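Only this structure's heavy atoms are used, side chains among them; waters, hydrogens and symmetry mates stay out. Note that the structure is predicted; figures quoted are calculated from it, not measured.
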Amino acid sequence: MRKLIAAAFVTLDGVMQAPGAPEEDRSGGFEFGGWVKPHWDDLLGEDLGQLFGRPFDLLLGRKTYDIFAAYWPYQPADDPIGSLFDRVAKYVVTSSTEPLGWRNSTALNGDPAATVRRLKQGDGPDLLTQGSAQLLQALHAAGLIDEYRLKVFPVVLGRGKRLFAEGAAPATLKLTEAKTSDAGVTLATYLPAGPVVTDSFATEEPSALELARRERVAREG
């Protein structure tokens, strides 16, 4: 079975909308596009090189696909990411019947979870997402994401499309790797670790402080 890796740039408050440029995605009146570049450094470039250095197919939502298709095919031939994205297979989860003009693109129509589940069960390299907030929320809810590769930037935006929106499926994640860049960006890898577990700091035997409190309350009766 193919592994599904969710790779995303996110702010401290979980926003992932328009990280690359001001004009990338202004939907919803978003005004903060381009919040990644001021914090970019060599460590982030190296990490991205490792992510894209192994075989993968892209899995995208239609909005992100349209943004990518309007940009990457028109970059210089020696642009490493542009040529890579042009070459790999691109699977696009969409309800639209509009044709996909970027080469090596395949539309996945129907229920997002069901179509991606079938795609994972087939042959091929790992599936890698970029952007695609709405799709990621559906895949998270269905338990289809095998690994989260997050770049968490020291920025709070207060609004915008989020990785985990209100009502996201409760889950526990296990941190398996973490690095911090000189610019304060945390590069973290998480794996799903089952349902949320709750507990209490209260003990069966009351502490000395609690016993004293109870005694005081009893005296003041």
Side-chain angles (χ1 to χ4, degrees), residues 2-21 24-37 39-40 44 47-48 51 56 58-68 91-95 108 111-117 119-120 126-181 183-199:
R2 309 168 80 173
K3 185 164 69 172
L4 199 166
I5 302 169
F9 300 125
V10 298
T11 66
L12 279 175
D13 56 337
V15 175
M16 56 183 296
Q17 185 169 351
E24 184 177 326
D25 181 6
R26 295 185 182 274
S27 61
F30 191 70
E31 300 174 349
F32 300 107
W35 44 269
V36 160
K37 182 64 183 298
H39 304 275
W40 196 264
L44 285 161
D47 185 81
L48 207 62
L51 181 66
F56 67 90
L58 280 174
L59 176 64
L60 306 171
R62 185 60 189 255
K63 179 70 174 181
T64 297
Y65 173 83
D66 288 342
I67 292 170
F68 280 17
Y91 295 96
V92 186
V93 179
T94 178
S95 60
L108 301 178
D111 177 71
T115 56
V116 172
R117 185 175 287 109
L119 184 63
K120 287 186 64 178
D126 290 341
L127 298 166
L128 177 67
T129 70
Q130 294 282 282
S132 310
Q134 185 175 355
L135 173 60
L136 287 181
Q137 291 164 17
L139 299 179
H140 169 74
L144 291 173
I145 299 176
D146 299 297
E147 183 177 310
Y148 296 82
R149 296 281 297 268
L150 306 182
K151 317 294 184 288
V152 185
F153 286 71
V155 179
V156 175
L157 299 181
R159 59 180 301 185
K161 299 173 183 176
R162 283 178 162 81
L163 174 59
F164 299 113
E166 184 71 22
T172 296
L173 301 179
K174 178 182 178 182
L175 179 67
T176 59
E177 183 179 2
K179 297 177 285 188
T180 303
S181 75
V185 180
T186 300
L187 293 74
T189 300
Y190 295 92
L191 302 180
V196 174
V197 178
T198 63
D199 203 344

Please check if the side chain of [X] supplies one atom and the backbone of [Y] the other of a donor-acceptor pair under 3.5 Å.
X: Glu24; Y: Ile67; answer: no
X: His140; Y: Ala169; answer: yes
X: Thr172; Y: Ala193; answer: no
X: Arg159; Y: Gly28; answer: yes

inquiry  = Going by the rule side-chain hydrogen bond (donor to acceptor under 3.5 Å, both in side chains), which residues pair with Thr94 if we only count those two or more places apart in sequence or in a different chain?
reply    = none
query = What residues form a side-chain hydrogen bond (donor to acceptor under 3.5 Å, both in side chains) with Lys151, not counting sequence neighbours?
reply = Asp47
About how many Å separate [atom2] of [Y] and [atom1] of [X], when rounded to the nearest 0.5 Å?
X: Leu60; Y: Leu136; atom1: CG; atom2: CG; value: 10.0 Å
X: Phe9; Y: Leu187; atom1: CZ; atom2: CG; value: 9.0 Å
X: Phe30; Y: Lys161; atom1: CZ; atom2: NZ; value: 9.5 Å
X: Glu147; Y: Thr176; atom1: CD; atom2: OG1; value: 6.5 Å
X: Arg62; Y: Leu108; atom1: CZ; atom2: CG; value: 11.5 Å
X: Gln130; Y: Leu58; atom1: CD; atom2: CG; value: 6.5 Å

Nearest heavy atoms of [X] and [Y], plus distance in Å:
X: Leu51; Y: Phe56; result: O-CD2, 4.4 Å
X: Pro112; Y: Ala138; result: CB-CB, 4.4 Å
X: Leu4; Y: Asp146; result: N-OD2, 2.7 Å
X: Leu163; Y: Met16; result: CA-SD, 3.7 Å
X: Trp35; Y: Leu157; result: CD1-CD1, 3.7 Å
X: Gln17; Y: Gly160; result: OE1-CA, 3.3 Å

Is [Y] close to [X] at the side-chain level, that is, under 4.5 Å between some pair of heavy atoms?
X: Val152; Y: Leu12; result: yes
X: Leu59; Y: Leu135; result: yes
X: Leu48; Y: Trp40; result: yes

message = Using 30° and 60° as the class boundaries, would you call the ring planes of Tyr148 and Phe164 parallel, tilted or perpendicular?
response = tilted
task = Taking salt bridge (Lys or Arg N to Asp or Glu O under 4.0 Å) as the test, write out the residues that go with Asp126, two or more places apart.
result = none
ask   = Is the shortest distance from a Lys or Arg side-chain nitrogen in Arg162 or Asp13 to a carboxylate oxygen in the other one below 4.0 Å?
value = yes
